[in-house]
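As structure tokens, the structure follows; a few thoughts come after it.
Each chain gets a letter, A, B and so on, in the order the sequences are listed, and its residues count up from 1.
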Amino acid sequence: MSDAVASLPDSPDGTIRPAQSVVTERPWIRWLLIAVALTFLALFLVLPLITVFAQALAKGWGAYLAAFTEPDAQSAIRLTLTVAAIAVPFNLVFGVAAAWAIAKFEFRGKNLLVTLIDLPFSVSPVVSGLIYVLVFGSRGLFGPVLLEHDIQIIFAVPGIVLATVFVTFPFVARQLIPLMQEQGTTEEEAALTLGASGWHAFRTVTLPNIRWGLLYAVLLCNARAMGEFGAVSVVSGHIRGLTNTLPLHVEILYNEYNFVASFAVASLLAGLALVTLVIKSLLEWRYADDIAAGTRRH
Amino acid sequence: MLALLGPSGSGKTTLLRIIAGLDFPDRGRIIFGGDDATRVPVQQRAVGFVFQHYALFKHMTVAQNIAYGLNARRRSERPEKAEIKRRVGNLLDLIKLSGFADRYPSQLSGGQRQRIALARALAVEPRVLLLDEPFGALDAQVRKDLRRWLREIHDRTGQTTIFVTHDQDEALELSDRVAVLDRGRLEQVGTPDEVQERPVSPTVLKFLGDTIEVEAIAQNGQVLVQGRPTPLTAPQGLSGPVKLYARPWQLQFAEADTAHLHGTVRSSYRTQGRQRIEVDREGAKTVVVEASDTARLAQGREVGLRIVGGWVFP
């Protein structure tokens with residue numbers, strides 16, 4: 001479109017008008033809006049981020065690095081990585097399956113399934129955690145049975161994994177459903193008429209078509225899985241060196257007035273967020289090209 | 001080569017998808033050369049389907065697209081890599097896109113994509129080739145070229161082909177037989193000449209071109225309009241009020257005392273060497289007359305029209 005506008009300026013009397021969009025605002029309104037947006041961003045996003053790193057480095061590099069080498073911190077890092085390593089692949093498989101079913105097939109209860117997938121977004125994380133305590137806790141629904149067999153879920157790693165899976169449930173499915181719906185089913189149908197089995201068509205046609213969206217979704221899912229606080233806090237029991245994830249570790253340190261260590265560990269999470277953001281932007285950039293190529297039909 | 005012709009919503013595409021195995025019939029059977037294929041899954045039906053919007057795999061090159069069906073086969077039935085490459089090369093020659101093997105579909109024009117979709121469907125050596133509105137999304141000139149080219153390929157390969165279209169000219173020009181569908185019903189199947197010369201119903205007649213509808217009376221095997229006999233003969237056993245249908249070129253200007261219809265000229269225009277005149281009739285529908293020899297007629301001039309051909313239906 002911008003090309004068309006730029007090539008139009010020859011007015012009938014032969015003078016050249018500057019290329020200008022009809023929908024643009026007056027300069028001072030534009031500057032005002034930009035200023036408001038930037039101030040807001042600086043105040044609520046950039047400033048806190050700088051504070052995290054400033055506080056973390058308040059007592060120099062030695063204290064900063066010490067916060068990570070300490071055994072409890074090491075254990076928290078390990079646990080967080082473990083939980084993410086289980087929750088993310090699980091939700092990846094579930095999300096792709098659910099999105100595939102919803103986008104490519106018609107069946108009863110489809111709307112219900114979509115609503116259920118959204119549930120973790122609308123429920124407070126604390127409630128999500130409590131659900132598992134009520135189901136698997138010692139006084140919970142399956143409490144006696146689990147106790148009998150000496151299986152501990154609540155206040156142990158399985159509970160943390162469950163809570164994380166629940167909270168990060170919608171990420172992959174939510175991202176893929178609109179993408180797969182937009183792409184429709186004709187390419188899959190084409191593959192089937194050419195003799196491909198359902199699985200072969202999925203692997204060679206569906207999956208490559210959603211790969212960028214999928215990567216993007218996994219990234220967001222991972223960020224949330226590592227950063228989840230509320231639900232995990234309820235089921236973890238805060239046992240140092242055993243059931244503490246990184247966000248919980250930050251809170252404990254903070255409550256002990258160990259600000260440097262607390263902010264140091266927090267800076268790790270903030271760093272993760274920044275890396276996620278950068279990769280996400282790179283993907284969006286790449287992915288936008290892909291989408292454009294897909295929709296350019298004529 | 002069979003054309004499925006009908007207005008939009010008449011069930012052409014659905015029928016084509018049922019033949020392919022992408023949709024399922026409530027009743028009836030699909031028979032391929034004597035074999036019942038109704039319950040054969042789409043993968044084993046050996047059909048080549050060309051979709052309206054081509055449905056090329058956009059993340060694959062042209063060569064990968066064409067080879068897809070061969071690569072999708074089980075290892076025991078899959079041709080050697082070199083053999084696949086050779087066949088892809090032959091198909092690219094056939095569709096005259098030899099230099100394009102490594103391009104992606106997004107780098108090609110609509111007509112080129114259509115040809116690749118066709119090559120991809122032909123690569124699996126289908127028993128029947130199914131084309132859904134194959135030229136629907138292309139502009140007029142490309143469409144004409146592709147039509148001729150498709151017919152050439154058909155003549156050369158002898159491939160059984162069924163294509164869907166809502167364009168009568170396309171169906172009549174390209175196919176050996178035409179099946180006219182309307183609202184889910186098959187109205188008539190026949191050669192292009194048959195359906196044009198002997199349409200079985202007013203629906204077929206109207207769909208195949210501009211028609212003029214006139215009230216008439218069948219009497220003793222004759223068809224009368226306004227009490228004057230026409231050259232048409234009434235079908236056996238038909239008498240009383242009937243409907244007469246004629247094409248624009250089956251009307252001629254005539255003196256008032258021999259004319260079947262009267263009216264005033266509303267407008268006249270020339271298209272592709274022929275003169276078309278719209279005539280307003282009092283208390284009846286406007287008719288279009290086509291004449292090759294008439295000079296432009298002044299608007300508002302009174303004219304008489306004689307019917308020289310047409311069809312009669314109850």
Side-chain angles (χ1 to χ4, degrees), chain A residues 96 99-101 103-108 175-176 178-218 282-298, chain B residues 16-17 19-23 41-60 64-74 77-78 104-114 116-117 119-126 128-130 132 136-139 142:
Chain A
V96 171
W100 199 52
K104 313 266 173 179
F105 301 100
E106 289 302 323
F107 54 90
R108 269 158 170 269
Q175 176 71 29
L176 293 185
L179 182 63
M180 287 171 114
Q181 271 172 342
E182 194 237 1
Q183 288 175 344
T185 53
T186 43
E187 279 187 46
E188 280 84 1
E189 283 177 350
L192 295 184
T193 60
L194 291 168
S197 65
W199 171 244
H200 187 82
F202 176 77
R203 219 162 35 84
T204 53
V205 176
T206 313
L207 218 49
N209 272 337
I210 58 167
R211 60 196 157 168
W212 299 113
L214 188 62
L215 201 56
Y216 179 89
V218 164
L282 285 175
L283 278 182
E284 268 169 358
W285 183 49
R286 178 62 220 271
Y287 173 54
D289 267 11
D290 237 38
I291 289 284
T295 46
R296 219 186 299 132
R297 270 180 170 156
H298 302 297
Chain B
L16 198 73
R17 290 175 59 91
I19 297 172
L22 292 168
D23 275 325
V42 50
Q43 288 96 338
Q44 283 143 40
R45 276 204 199 181
V47 294
F49 201 105
V50 176
F51 291 82
Q52 193 174 2
H53 294 286
Y54 328 130
L56 294 176
F57 308 127
K58 43 190 172 288
H59 59 284
M60 294 182 199
Q64 286 168 336
N65 262 286
I66 296 174
Y68 187 88
L70 298 172
N71 284 324
R73 286 186 189 168
R74 247 174 281 133
E77 297 163 25
R78 197 187 304 160
Y104 284 89
S106 59
Q107 298 168 304
L108 303 174
S109 73
Q112 290 171 331
R113 284 185 219 178
Q114 181 62 280
I116 286 154
R120 184 178 69 174
L122 286 172
V124 293
E125 290 167 343
V128 47
L129 184 64
L130 305 169
D132 186 6
L138 302 169
D139 55 67
V142 179

* To do: For residues B:A55 and A:A190, report the shortest heavy-atom separation together with the two atoms involved.
  => O-CB, 3.9 Å
* From CA spacing to verdict: side-chain contact (heavy atoms from CB on, under 4.5 Å), A:N209, B:K58 -> CA-CA 8 Å; A:N209 272 337; B:K58 43 190 172 288; 4.0 Å; yes
* Gap separating the CE atom of B:M60 from the CD atom of A:E187, nearest 0.5 angstrom -> 8.5 Å
* To do: Please lay out, stage by stage, how B:F51 and A:E189 fare under the test side-chain contact (heavy atoms from CB on, under 4.5 Å).
  => CA-CA 9 Å; B:F51 291 82; A:E189 283 177 350; 3.5 Å; yes
* Region of B:F57 in contact with chain A, defined by heavy-atom distances below 4.5 Å -> both
* ring pair (Phe, Tyr, Trp, His ring centres under 6.0 Å) partners of A:F107, counting only residues at least two apart -> none
* Sequence neighbours left out, what passes ring pair (Phe, Tyr, Trp, His ring centres under 6.0 Å) with A:H200? Give chain and number order. => B:Y68
* Asked: What part of B:V124 gets closer than 4.5 Å to chain A, counting heavy atoms only: side chain, backbone, both or neither?
  -> side chain
* To do: Below 4.5 Å from any heavy atom of chain A, which atoms of B:A121 appear? Answer side chain, backbone, both or neither.
  => backbone
* Engaged part of B:L56 at the chain A interface, taking heavy atoms whose separation is under 4.5 Å -> backbone
* Asked: Which residue, B:R120, B:Q43, B:R73, forms the side chain to side chain contact (heavy atoms under 4.5 Å, CB included) with A:L194?
  -> B:R120
* Once you round to the nearest 0.5 Å, how far does CZ of B:R17 lie from OG1 of A:T193? -> 10.0 Å
